[in-house]
Amino acid sequence: MARKFFVGGNFKMNPTSREQKKALVKVLNEADLDPNVEVVIAPPAIYLIPLQDLLRKEVQVAAQNCYFKSSGAFTGEISPAQLVDAGVPYVILGHSERRTLFHETSELVAQKTRAAIDAGLRVILCVGETLAEREAERTKEVVEAQLAPVVATLKKDDWEKVVIAYEPVWAIGTGKVASAAQAQAAHADIRAFLASAVAPEVAESVRIIYGGSVTAANSKELGSQKDVDGFLVGGASLKPEFVDIINTKRALASSS
């Protein structure tokens with residue numbers, strides 16, 4: 001079965017005003033979007049609920065993080081149960097900024113993934129290597145080590161609720177981008193790992209998307225790769241070109 005192309009927009013800690021938020025929504029609401037693409041945007045938590053009321057129904061929202069407890073004395077955290085109750089379908093977990101700036105381990109990310117799926121959320125699970133790890137030719141080893149605790153925590157059927165985002169840390173927000181060949185190789189390695197560690201049918205069905213300085217200029221070459229099932233877009237998701245990135249597959253079809 002063909003994997004449905006997936007484009008996520010991670011707004012990170014942007015925008016800084018409600019007016020800017022409305023302007024971003026206006027662009028998406030008025031755009032001609034490919035109906036064969038699953039589109040999800042992840043605004044700051046304070047905008048999640050109001051955005052749902054403003055967005056066209058074809059565009060879903062995601063939280064940028066959640067905790068692994070459903071309630072309790074955890075100041076500053078958001079629980080999976082609260083997100084589900086608010087009608088939020090997705091959560092991003094394991095982003096490199098959470099791993100590096102907030103010292104989240106792969107074991108904690110796995111714990112959060114388990115809790116999110118148990119609550120009824122779908123997970124955008126981020127993995128990726130640093131520049132030093134890439135130059136030491138350790139990409140495959142590092143990514144598999146990040147995935148291993150999640151593999152140990154999830155059941156086979158749980159993987160239907162997971163989208164894996166391969167995001168080389170050295171390409172996030174730097175303007176550097178993995179070549180199409182580098183992205184394809186990393187995605188193929190992830191799929192091979194899932195085939196052996198979970199099941200071949202899971203490896204074949206799980207969507208693996210690429211993130212790291214994705215723009216309208218490079219999305220077509222990246223999106224044409226066999227194992228690239230979409231994108232997790234950072235800075236460009238705040239710009240009008242996000243629409244062109246969403247429509248990558250349609251542009252490829254019309255130019256072939």
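Here the structure is a predicted model, which is why all the values come from computation and not from measurement.
Glu133 contributes a side-chain N or O that, together with a main-chain N or O of Thr130, makes up a donor-acceptor pair within less than 3.5 Å. Within the 3.5 Å criterion, the main-chain N or O of Gly175 finds a donor-acceptor partner in the side chain of Ser213. In this structure a side-chain-to-backbone donor-acceptor pair under 3.5 Å is missing from Glu104 to His95. Under a 3.5 Å cut-off, the side chain of Asn247 and the backbone N or O of Asp244 do not form any donor-acceptor pair. No side-chain donor-acceptor contact under 3.5 Å links Glu107 to the backbone of Pro149. The closest donor-acceptor contact from the side chain of Gln225 to the backbone of Glu221 lies under 3.5 Å. No donor-acceptor distance shorter than 3.5 angstrom exists from the side chain of Gln60 to the backbone of Pro89, with no hydrogens or angles considered. Distance alone, capped at 3.5 Å, places no donor-acceptor pair between the Thr248 side chain and the Gly223 backbone.
When side chains are defined from C-beta on, Lys21 counts as touching Leu51, because their heavy atoms get closer than 4.5 Å. When side chains are defined from C-beta on, Val143 counts as touching Ile190, because their heavy atoms get closer than 4.5 Å. For the pair Thr113/Thr153, no side-chain contact is recorded, criterion being any heavy-atom separation below 4.5 Å from C-beta on. Val162 has its side chain out of reach of Val150: every pair of non-hydrogen atoms, C-beta onward, lies at least 4.5 Å apart. Here the side chains of Ile209 and Val228 are not in contact, with every heavy-atom distance at 4.5 Å or above. Val163 is not listed as a side-chain neighbour of Asp229, based on a closest heavy-atom distance of 4.5 Å or more. Residues Pro44 and Asn14 are not in side-chain contact: their nearest non-hydrogen atoms beyond the backbone lie 4.5 Å or more apart. Residues Asn10 and Val233 fail the side-chain proximity criterion, which asks for heavy atoms closer than 4.5 Å.
The only member of Leu93, Ile78, Ile92 that meets side chain to side chain contact (heavy atoms under 4.5 Å, CB included) when paired with Asn65 is Leu93.
Hydrophobic clustering (side-chain heavy atoms under 4.5 Å, transitive across Ile, Leu, Val, Met, Phe, Trp, Tyr) groups Val214 together with Leu125. The cluster map of Ile, Leu, Val, Met, Phe, Trp and Tyr, joined by side-chain heavy atoms under 4.5 Å apart, puts Val84 and Val123 in the same cluster. There is a path of hydrophobic side-chain contacts, each under 4.5 Å, that joins Val37 to Leu222. Both Ile246 and Leu24 are members of a single hydrophobic cluster when ILVMFWY side chains are connected at heavy-atom separations under 4.5 Å. Linking ILVMFWY side-chain heavy atoms closer than 4.5 Å, directly or via other members, places Val39 and Val25 in a single hydrophobic cluster.
Rounding to the nearest 0.5 Å gives a distance of 7.0 Å between CD1 of Ile41 and CZ of Phe242. Going from atom CG of Leu55 over to atom NZ of Lys26 covers 14.0 Å, rounded to the nearest 0.5 Å. To the nearest 0.5 Å, atom CD of residue Gln184 and atom CG of residue Asp227 are 4.0 Å apart. The CG atom of Leu28 lies 11.5 Å from the CG atom of Leu54; values are rounded to the nearest 0.5 Å. The distance from the SG atom of Cys66 to the NZ atom of Lys112 is 6.5 Å, given to the nearest 0.5 Å. With values rounded to the nearest 0.5 angstrom, Leu252 atom CG is found 7.0 Å from Lys220 atom NZ.
The pair Lys4-Glu38 fails the salt-bridge criterion, with no side-chain N (NZ, NE, NH1 or NH2) lying under 4.0 Å from an Asp/Glu carboxylate O. We find that Glu204 and Arg3 are joined by a salt bridge, their nearest charged nitrogen and carboxylate oxygen being less than 4.0 Å apart. A salt bridge is absent between Arg138 and Glu129; no separation between the charged side-chain nitrogens and carboxylate oxygens falls under 4.0 Å. Salt-bridge formation is not detected for the pair Arg122/Glu160: no Lys NZ or Arg NE/NH1/NH2 atom is positioned less than 4.0 Å from an Asp or Glu carboxylate oxygen. Between Arg250 and Asp32 there is a salt bridge, with a side-chain nitrogen of the basic residue lying less than 4.0 Å from a carboxylate oxygen of the acidic one.
For Leu101, the CG atom sits in a packed shell: over 12 heavy atoms of surrounding residues, nucleotides or ligands are nearer than 6.0 Å. Heavy atoms from other residues, nucleotides or ligands lying under 6.0 Å from NZ of Lys12 number more than 12. Atom CD1 of Ile49 sits in a sparse spot, with 12 or fewer heavy atoms from other residues, nucleotides or ligands closer than 6.0 Å. A 6.0 Å sphere centred on CZ of Arg56 holds more than 12 heavy atoms belonging to other residues, nucleotides or ligands.
Between Arg134 and Thr139, the shortest heavy-atom distance links the atoms NE-OG1, 3.5 Å. Nearest heavy-atom pair across Val61 and Gln52 is CG2-CG, 3.5 Å. Taking both residues in full, the closest heavy atoms of Phe74 and Ser71 are given as CE1-O, 3.4 Å, listed atom of the first, atom of the second, then distance. The shortest heavy-atom contact between Val91 and Ala116 is CG1-CB, 4.0 Å.
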Let me see the working for Asp118 and Lys161 under salt bridge (Lys or Arg N to Asp or Glu O under 4.0 Å), right down to the final yes or no.
-> CA-CA 10 Å; Asp118 284 345; Lys161 306 284 180 58; over 6 Å; no
After noting the C-alpha distance and the side-chain angles of Ser205 and Glu201, does the key distance pass the side-chain hydrogen bond (donor to acceptor under 3.5 Å, both in side chains) rule?
-> CA-CA 6 Å; Ser205 62; Glu201 58 271 29; over 6 Å; no
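In this structure, Phe231 has its ring center closer than 6.0 angstrom to the ring center of Phe5.
Classified by interplanar angle (parallel below 30°, tilted 30° to 60°, perpendicular above 60°), the ring pair Phe6/Tyr90 is perpendicular. The aromatic rings of His187 and Tyr210 sit tilted relative to each other, their planes meeting at an angle between 30° and 60°.
Counting only N and O atoms by type, the side chains of Arg99 and Ser106 include a donor and acceptor under 3.5 Å apart.
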